[in-house]
Protein chains: 2
Amino acid sequence: MPPDGRRVRGDRRRREILAATLRVVERDGVAGVSHRSVAREAGVPTTSTTYYYATLDDLLIATLTWSAEEMAASFREVPLTPAAVARFIADAAGEHRGRTLAEYELYLLAARRPELRAAARRWISLMAEVATGWDPVALRAVLAGLDGLLIQALIADFPPMAEDLEPVVSLLMLGG
Amino acid sequence: MPPDGRRVRGDRRRREILAATLRVVERDGVAGVSHRSVAREAGVPTTSTTYYYATLDDLLIATLTWSAEEMAASFREVPLTPAAVARFIADAAGEHRGRTLAEYELYLLAARRPELRAAARRWISLMAEVATGWDPVALRAVLAGLDGLLIQALIADFPPMAEDLEPVVSLLMLGG
DNA sequence: CAGAAAGTTGAACGTTTGTTCCACTACTCT
DNA sequence: AGAGTAGTGGAACAAACGTTCAACTTTCTG
């Protein structure tokens, strides 16, 4: 049987709404997300956002967990060398800034809502899986260091470049 | 001349409003802060919050920068030993959780509003001052590690204890 | 004691909010 | 062809919002 054309278009619109929500989060933060602001950003009527996501919270959480999943998947492709990790961090503050902002918006929501914590820690548990054989203490130090470099990169006056980050990443990874 | 009783009471109420705002931020995040929610929390009429802070943004920024200043001042008292720093982090996720949450809410606002960045990085520049003579790369690694430990402590299933944190802090500080 | 200054407060304004309803079109399946 | 399903979108609702206003009390100053 051929794919249902209605569902195909519906899924596309659902994804467009998610992407529009992420852009609103990047620009105005979680506080800027409303049915109307997202609908305006996506170029769809207000009611369509409530059609696909029953409540605003559903829409917001779907966007943030999707974004966190994207970030984790992207991180999985990074070789665990200082140069590659430094490049990942630099990109997270530049090209993929919205995704990184969304990650830490999710962190803050998860701090108050335990059910969101697994999603927020997605990239952490993923790296913990990859780094089998590492010393547990060293692993925790590296994970903390990367999280700190990422969030500090977001509030730097000038977006850090990979070359500047590399020695710091290198020192952090030395412990393993 | 004796102190003006009106101003004394006014300053007290201003501080109560700040403290109430911080409690709202702790419970519901920045999104939960409104003139009415803060006034309800503080037990004052709605108009008094607008009397002391012209706009809601003024109130929010005043609260977050005040809280960040408190956190920086508190950090300044910590001896730079692994045990003391680990204790500081454990308390930041427990006893002083609201203050820590406010710090990272400020981070996220600062990511989009450059004028807030100096306030957000207050504790970082303070530690950079204290750690004269450290290797710059090692300092950046430690600062990132501490930031990461703090924010990860907020989304841990169980608040980390100082004893668990100490070896990680110790390893991070070894680089200096 | 009079007047200025500081703070207090309820009522009200226009706007935006989340969400629901309902009439409607587009498409699939039997 | 006709029934059922998926998606569309304008209109409307009550609630909450930020902010302003004006009348009021308390306190200090000359």
Side-chain angles (χ1 to χ4, degrees), chain A residues 1-25 27-66 105 109 112-113 116, chain B residues 1-25 27-66 105 109 112-113 116:
Chain A
M1 60 179 149
D4 190 329
R6 297 170 299 182
R7 284 219 144 98
V8 171
R9 271 189 299 276
D11 282 350
R12 183 163 54 226
R13 190 169 241 200
R14 174 182 258 114
R15 279 194 302 271
E16 276 166 11
I17 290 173
L18 278 189
T21 307
L22 186 59
R23 289 195 301 274
V24 173
V25 169
R27 191 191 335 119
D28 302 319
V30 163
V33 174
S34 73
H35 280 134
R36 286 170 176 85
S37 68
V38 168
R40 209 178 308 127
E41 175 72 32
V44 299
T46 308
T47 39
S48 70
T49 65
T50 74
Y51 178 78
Y52 287 103
Y53 299 93
T55 70
L56 229 212
D57 192 66
D58 285 348
L59 170 57
L60 181 63
I61 300 306
T63 300
L64 297 184
T65 57
W66 161 68
E105 297 274 9
L109 290 184
R112 301 174 186 96
R113 297 165 59 176
L116 300 176
Chain B
M1 61 180 148
D4 190 329
R6 298 170 298 182
R7 285 219 144 98
V8 170
R9 271 191 298 278
D11 282 351
R12 184 162 56 227
R13 190 168 239 200
R14 175 182 257 115
R15 280 195 301 272
E16 276 165 11
I17 290 173
L18 278 189
T21 307
L22 187 58
R23 289 197 299 276
V24 173
V25 169
R27 193 192 331 120
D28 302 320
V30 164
V33 175
S34 73
H35 279 137
R36 285 169 176 84
S37 68
V38 167
R40 209 179 307 126
E41 175 73 33
V44 299
T46 308
T47 39
S48 71
T49 65
T50 75
Y51 178 78
Y52 287 102
Y53 298 93
T55 70
L56 190 61
D57 192 65
D58 285 348
L59 170 58
L60 181 63
I61 300 306
T63 301
L64 296 184
T65 57
W66 161 69
E105 296 274 9
L109 289 185
R112 301 174 186 96
R113 297 167 59 177
L116 299 176

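Here is the naming used below: chain letters follow the sequence lines, and residue numbers restart at 1 for every chain. Worth knowing before you read on, the calculation uses all heavy atoms, side chains too, and leaves out hydrogens, waters and symmetry mates.
When the P atom of D:dG7 is taken as reference, atom CD of A:Glu16 falls 14 Å away, rounded to whole Å. The CZ atom of A:Arg14 sits 15 Å away from the C1' atom of D:dT8 (whole-angstrom rounding). One interatomic measurement links the two molecules: OH of B:Tyr53 to P of C:dG7, which rounds to 12 Å at whole-angstrom precision. A straight line from OH of B:Tyr51 to P of D:dC24 spans 18 Å, rounded to a whole angstrom. Spacing between atom CG of B:Asp57 and atom C1' of D:dG18 amounts to 12 Å, rounded to whole angstrom units. The CZ atom of B:Arg12 sits 13 Å away from the C1' atom of C:dG7 (whole-angstrom rounding). In this structure, A:Asp11 atom CG and D:dA6 atom P are separated by 12 Å, rounded to whole Å. When the C1' atom of D:dT5 is taken as reference, atom CG of A:Asp4 falls 8 Å away, rounded to whole Å.
Between the side chain of B:Thr63 and the backbone N or O of B:Thr21 there is no donor-acceptor pair closer than 3.5 Å.
Applying a 4.0 Å cut-off to non-hydrogen atoms, the residues of residues 28-50 of chain A that approach DNA chain D are A:Arg36, A:Pro45, A:Thr47, listed by residue number.
Between B:Tyr52 and C:dT8 there is a side-chain polar atom (N or O) within less than 4.0 angstrom of OP1 or OP2. Close to D:dC28, at under 4.0 Å from its OP1 or OP2, lies no side-chain N or O of B:Arg7.
Both the sub-6.0 Å distance and the 45° axial angle are satisfied by B:Arg14 relative to the ring of B:Tyr53.
One distance of note links OG1 of B:Thr55 with CG of B:Leu60; it measures 9.5 Å at 0.5 Å rounding. Here OG1 of A:Thr50 is found 9.0 Å from CD1 of A:Ile17. Values are rounded to the nearest 0.5 Å.
Heavy-atom minimum distance, A:Val44 versus A:Thr49: CG2-CG2, 4.5 Å. Between A:Thr46 and A:His35 the shortest heavy-atom distance is CG2-CB, 4.0 Å. Of all non-hydrogen atoms in A:Arg13 and A:Ser48, the two that sit nearest each other are NH1-CB, 3.8 Å.
In terms of polar N and O atoms assigned as donor or acceptor, the side chain of B:Arg6 comes within less than 3.5 Å of the base of C:dA5 in a complementary pairing.
With D:dT8, C:dT28, C:dG7 as the choices, the nucleotide that has an atom nearest any side-chain atom of A:Arg13 turns out to be D:dT8.
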